Each structure stands twice: as structure tokens, then as C-alpha cells.
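Beneath this line is the structure, given in C-alpha cells, with notes to follow.
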Amino acid sequence: MPKLTVDGIEVEVEAGATVLQACEEAGKEIPRFCYHERLSIAGNCRMCLVEMERAPKPVASCAMPAADGMVIKTDSDLVKKARNGVMEFLLINHPLDCPICDQGGECDLQDQAMAYGFDASRYAEKKRAVKDKELGPIVKTIMTRCIHCTRCVRFSEEVAGVGTMGAVYRGEDTEVGPYIEASINSELSGNLVDLCPVGALTSKPYAFTARPWELKKTDSIDVMDAVGSNIRIDSRSAEVMRVLPRTNDDVNEEWISDKTRYAIDGLKRQRLDRPYVRVDGKLKAASWDEAFAAIKAKVSGLDGKKIAAIAGDTVDCESMTALKDLMGILGSPNLDCRQDGSKIGGPRASYIFNTTISGIDEADACLIAGANVRAEAPIINSRLRKRWRATAGDFKVGIIGESWDPTYKHDYLGAGAETLSAVLDGKNDFAKVLKAAEKPMIIVGMGALNRDDSDAVLATVRAIADKYGMVSGEWNGFNVLHTAASRVGGLDLGFVPGEGGLATNDILDAAAKGDVEVVYLLGADEIDMSKLEKAFVVYQGAMGDAGAQAADVILPGAAYTEKNGTYVNTEGRAQQGWRAVFPVGDAKEDWAIVRALSGALGQALPYDSIEAVRSRMVELSPTFTSLNAVTKAEWADFGKKGDMKPDSFTSPVRNFYMTDPISRASVTMAKCTEAFVKDAAAEKVA
């Protein structure tokens, strides 16, 4: 490990580190525009110049490897003069747009011009102007502001894998943009806005709406998929203005998907802000007491087996805990958090992403079955691409199911269960890849597990994991990729049918026959509502989607931005989000609604605070004893051998941009659907 001296401070860094990293290790701040920790080194901006002993001129610290015995100066007169000169050149063509620029107040160029620039320019020529590029509904361009750092080019190529952006022409005529007139067709394109150190790329939906100093910043967790991306919700008064990523190297690094970032405008539309009761076939506004009275009149004296509850994809663990306890008091074993009809459950290792998201960085082969990872979990797909790039293409990926473009080299093996059996039997060539790998992994998605033969599919996948050494020592390469933020939490809490209870599809069939008379939908909108016509439906949620339209009583709940809640992501990591704004109208936090309903029914639940609910969660599952950590699940037997159907594995996500009530209500997601989804008119819902 090389040792070098930075401003008289001796530091030791890992082999391969740059001088810039060594300076930061010594506590010295080095200005930069083009350098980014997660992108390749370009050395374009020259803002990171430092003085190196025996070097004839200042060196770009981002591109200079640290070597033993180096003597570096970061605050000498030569360095200050060099940085002043670089800043002057960068500002030669930059327009004086700060008062109207959306980047104002959080702009790297502003900050560094104040710290390292002059108060005037010696350049008296006309500034150049560059035509703006059309990059789609997400990213707004003002390319005259561009300083050619090429962060956007490297991100689109290295992380997103779309290769849309590039630099054309030379010298002063250089322009950054798409090689041909085209939008950026990537689920991660919004990250370009965060990466741009100036105002050349800004958020189109957020344009001219707020300044950063006006906003209250709240840490939270994304619920648009099962990754559990760490986010920051920026709000002003009672309105959510934007969502930005928080850095978590174990989950989402510092990226988030476009749906996570931009679906929030759906929170302003089709909101449920007061209780409703259906009278003479029409929903009419009611008070909370009237809504509870209507439920009590139907439930009182009813056999618990005639009552059922289904939890949706974005609900928090606190509300599922309260509803599970209420169903227990009412004597109902009919409850399910798997509204897609899948039968996963049992040992915890059988339904989580055991490798963990960061563990992908250690794998050397991957088999994907029944999952379109790019549409279902773009952050995990970018992690797979990162691993593929890190191994220079030696990370082998095989795909079984629908054919989709993962943005990295892969082998398409087949469409369904027959191919899966061939891999198990060693008849498929990819079996050799798995056998030769030291740390192979398999990702099985809901496209393979929401079928009638899911038990047999799960048994086959487990047999593959055992046969090819995917589980050995500390390594567990068996992974289930969920599509719902609430799914793993619900399974951990036991929000599944009790003894003699009915699962989702059975509940719907029983309701259609009249055997189940009351169905409680906790944010559940992705089921066949036509089967509930004979049942008395209670819908609790924040959005006026399918569940609300089928309801006899509507209880307005809080959206994920409006409540404190715990969510367990696909790898089994429990994380907490915090309330950014208060619920709209008369809406309340979901666990509190269930608690109030239990009191109205004369069966009050034994907790009156969210802390007490969380104590109950710990009683139900050890998952909630430690937040932000993944506890290794014990490998156990699961699945059931049997015949598998020859049908193809089909991903449940048909349209990435519209998968839940919030994103379906979003204007921005509608524009993205129109721009990027084939046959958009036929794919309005996921």
C-alpha cells in the first residue's frame, strides 16, 4: 500500500487509489466536476489540479495514481492560480442564468466559482449558444450551460447501459447529447439530473416549482418496488415537491428509478380524503363514525370464516400487524398479503434475496428465471450490470422466461419450466457455467412463482441451488425477487392464511359464491374486483383506484409520504420511513384506522401508539429487532416436487411506469408510458 505526503500529512492508501482519494484521506477537499466515485475517470474538467513534487506542472489528481513517496500540495500559490485559471475558462461560455436556473442553490459550479474563481472575467468575446436536446419527459436540457464534464455520458453507458449520450465535434464546438435525436429510454434516466454539476440537465416535471432552501427534507423508503431504495422526500407546506436518492451502498448506492423519483405527482390526484359509505348503490361522503357503524352492522354476529382480508403491495408493516390482530379477534383465518396469488411462504430463506443486493458484487454466474429484472427492479439490474462490467464480461448471465434486454451480455436459454428442468438435469449448456462457478446465484421472479405450479417450480429451483453449490458456507445464491414493497414484511409477520384459512384466489372465489361475505382490502387494487360483487367490501387506502370503486365502505388512509412506516425489502432488510407531510383531508395513518375500527367493534386492540405496534411486530418476527440489517436465513427444505406446466414464465410487470395506484395516477408516468412503452394504449395498467 503506497504512502504519500499531502500538505505535510502522511497517508497510506490502497493500491490503485488516485491522488485525489489520497488527498481526501488526508482531510483535504479537492474541487471537481467530472470526477465521480461510481463512474470511470475522464479527467476532463481539470478542476482537481494539485502540485506534485518534481512534476513540471500541476497534475489532475483524479487521473494520477497514488505512488509511494509522492509529496502533494493542495493549497500552494501554484495550485490556487491553476484552479482560478480553470474556473475562468469554464465560465467563458457559461450563461448568467443563476436567477432562473433550477440548479440554483445546489449547484457545484456556483459553489466552486465562489471558492476558487475570480469576481470578473477577462473574456470579452461573445458567448456561444448550443441548441437544447429533447431527451424525453424526464430530463430538461439547457445545453448552453454544459461544461462537458461527461458525467451523463459515462452514466448512461456504464450504469444505465443504454449508451444514448455522447460528445460530438471538437474544441469549442463540442456538444454533449444523444448521437441521434432520441429520448433516453432508461428506467434510471432521472439520475442524470443528480449527476449534472451545473444546470444543463434538470428535472422537467420539477422545473420552476421550488428552490432548495424552501423545502423540508425527510428521510424515507421507496415503495414503488421491493428494493427498498433509500430516498429523501422534499416537501413544501403540505405538498411533496420531489424525491431524491439517499446514499446506501448496501441497497441502492446513490441511484433511484424514474418511477421512484417522478411518480409522486400521482399523490395529487384521485386521493381519498374522507370516508364514504355506499347507499342505494352510490358512494356518499360520511363521517368516521358512520363508516365504522356500517362495518359494525355487517360484521356483528358474523362467523369469522365469512370474513377475509387482503393486503396490497405498498402497505406498511404496522398496518398489516394491526389488521392481522383484528382478523384474529374476529376469528378469521382468511388473510393474505400475496394479492398476486403466489404461494410463497414457509422458511424465510425460500422467499428472500439471500445473496443480498450488495452480495451480487461477489457472484460469478447468475441464472434468472421468471423475472424481468430491468422492469421489476432497475436498481438490482444496474447492480448486475456493474458486476458484469467489473469482471470484463466474465460474469455469465442466463435468462429463462420472456426475452428482454438486460443491458449486459447474456444467454437466452428458453421460455419456461422445460428449460429450468434442462438446467437441473445438466442438459442445458448453462449448467456447465453454474458448475464451474465458485459463487453462482439464481434469481427467481414472480413470473415463475405466481402460477398454480409454483410449489413445483420452487422445488426445482431449490434443487438447482443444491446441485450447483449455490449454498455453501457463508454464501447463499438462492434469491427471490419480489415486486411488492410489502410482500416480505407481510410474510415475516405471518399475514397469510391461518389454519383452514383461504389464500387470495380462494378468497375471491369464495366471495363470488357468497361463502365469504365481508372482504377487507388494505390498499389492495391488483385483484379481480368482479368477483367481489356479492361481498361487502371495505377498502382502506389513499388512492381512488380499483379497490375504492368496488368498495361499500371507504376508509381514507395515508400515502407512504404521509406516515411513519416500516418496510422490509426483497432481501429481508427492515427499514423505516418518516412522515414528510400530513395526510390529506380526514385521512389518517393506516394502523390508527384499524385500531379505531377495533374499538368501534368493541374489540379494541391492545396498543395506542406506533411504538406499541412496533413492539407487537417484534413479537411476531425477529426481523424487526434490528433495522437496516439483513439477518442470514437458515437454509431449509421447501417447495414440493411435482409436474410443471410448459407455459412460459411471464413477468407480472407489463409496464414499468404504471404498477400501482400512485404511478397510475401520475401524469409524468403517463407521459413516459406514451414515450417508451410499446402499444401504450393497450398497457395502461401493469
Side-chain angles (χ1 to χ4, degrees), residues 221 225-230 248-253 317 320 337-338 342 344-369 371 373 377 379-380 383-384 386-387 395 434 437-446 449 458-496 566-576 614 617-639:
I221 303 298
D225 56 29
V227 175
S229 297
N230 288 212
N248 186 329
D249 289 336
D250 292 330
V251 183
N252 57 304
E253 297 184 295
C317 293
M320 285 189 286
C337 64
R338 304 161 298 185
S342 61
I344 52 176
R348 195 165 191 261
S350 71
Y351 62 79
I352 65 171
F353 204 94
N354 292 281
T355 299
T356 71
I357 297 171
S358 61
I360 293 172
D361 297 343
E362 301 178 32
D364 49 7
C366 179
L367 176 63
I368 301 173
V373 186
I379 297 300
I380 292 180
R383 202 83 178 217
L384 291 167
K386 176 184 176 182
R387 180 57 179 162
F395 179 60
L434 296 176
E438 293 184 7
K439 290 186 175 181
M441 61 182 288
I442 186 169
I443 299 175
V444 57
M446 292 299 106
L449 297 180
L458 202 59
T460 303
V461 174
R462 187 193 186 285
I464 290 174
D466 286 336
K467 180 175 181 179
Y468 297 107
M470 293 183 181
V471 182
S472 60
E474 292 298 312
W475 178 257
N476 189 330
F478 178 86
N479 304 289
V480 172
L481 179 62
H482 290 276
T483 56
S486 63
R487 191 64 46 79
V488 175
L491 293 172
D492 283 346
L493 291 168
F495 201 96
V496 291
T566 305
Y567 304 90
V568 185
N569 73 349
T570 192
E571 58 181 351
R573 184 188 304 270
Q575 303 177 105
Q576 286 182 354
R614 288 173 174 169
M617 288 159 52
V618 172
E619 293 176 11
L620 293 172
S621 172
T623 298
F624 303 99
T625 56
S626 56
L627 296 174
N628 306 315
V630 177
T631 303
K632 183 179 179 181
E634 185 177 345
W635 190 241
D637 189 26
F638 53 83

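Because the structure is a prediction, the values reported are computed rather than measured.
The shortest side-chain heavy-atom distance between Phe395 and Leu384 falls under the 4.5 Å cut-off. Annotation: side chain of Trp475 is in contact with side chain of Thr355 (closest heavy-atom distance under 4.5 Å). Using a 4.5 Å heavy-atom threshold, the side chains of Ser626 and Thr631 count as touching. Residues Val480 and Met446 form a side-chain contact, since some pair of their non-hydrogen atoms from C-beta on lies under 4.5 Å apart.
No donor-acceptor pair under 3.5 Å is formed between the side chain of Glu571 and the backbone N or O of Val630. Of the possible donor and acceptor atoms, none in the side chain of Asp364 sits under 3.5 Å from a partner among the backbone N and O of Glu362. Checked by atom type and distance alone, the side chain of Asn252 pairs as donor or acceptor with a backbone atom of Asn230 at under 3.5 Å. Side chain of Asn354 to backbone of Ile352: a donor-acceptor contact under 3.5 angstrom is found. Listed for the Thr570 side chain is a donor-acceptor partner under 3.5 Å among the backbone atoms of His482.
Atoms CG and CD1, from Asn628 and Ile221 in turn, are 7.0 Å apart once rounded to the nearest 0.5 Å. Within the model, atoms CZ of Phe353 and CZ of Arg573 stand 12.0 Å from one another, a figure rounded to the nearest 0.5 Å. For the atom pair Cys317 SG and Asp492 CG, the distance stands at 7.5 Å (nearest 0.5 Å). In this structure, CG in Asn569 is found 5.5 Å from CD in Gln575, a value given to the nearest 0.5 Å. Taking CZ from Arg487 and CZ from Arg338, the interatomic distance works out to 8.5 Å, rounded to the nearest 0.5 Å. Residue Met320 holds its CE atom at 5.0 Å from OG of Ser486, rounded to the nearest 0.5 Å.
A cation-pi contact, defined as under 6.0 Å to the ring centre and within 45° of the axis, links Arg462 to Phe638.
Between Ala377 and Leu481, the shortest heavy-atom contact is CB-CD1, 3.9 Å. The nearest pair of heavy atoms linking Phe624 to Val618 is O-CG2, 3.7 Å. Minimum interatomic distance between Arg387 and Asp361 (heavy atoms only, all atoms of both residues): NH1-O, 2.9 Å. Taking all atoms of both residues into account, the shortest heavy-atom contact from Ser350 to Gly346 is OG-C, 4.2 Å. Between Thr356 and Asn479, the shortest heavy-atom contact is N-OD1, 4.3 Å. In terms of heavy-atom proximity, Ile379 sits nearest to Val251 at CG2-O, 3.8 Å.
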Any chance you could lay out the side chain to side chain contact (heavy atoms under 4.5 Å, CB included) test for Leu491 and Cys337, step after step, and finish with the verdict?
CA-CA 7 Å; Leu491 293 172; Cys337 64; 4.1 Å; yes
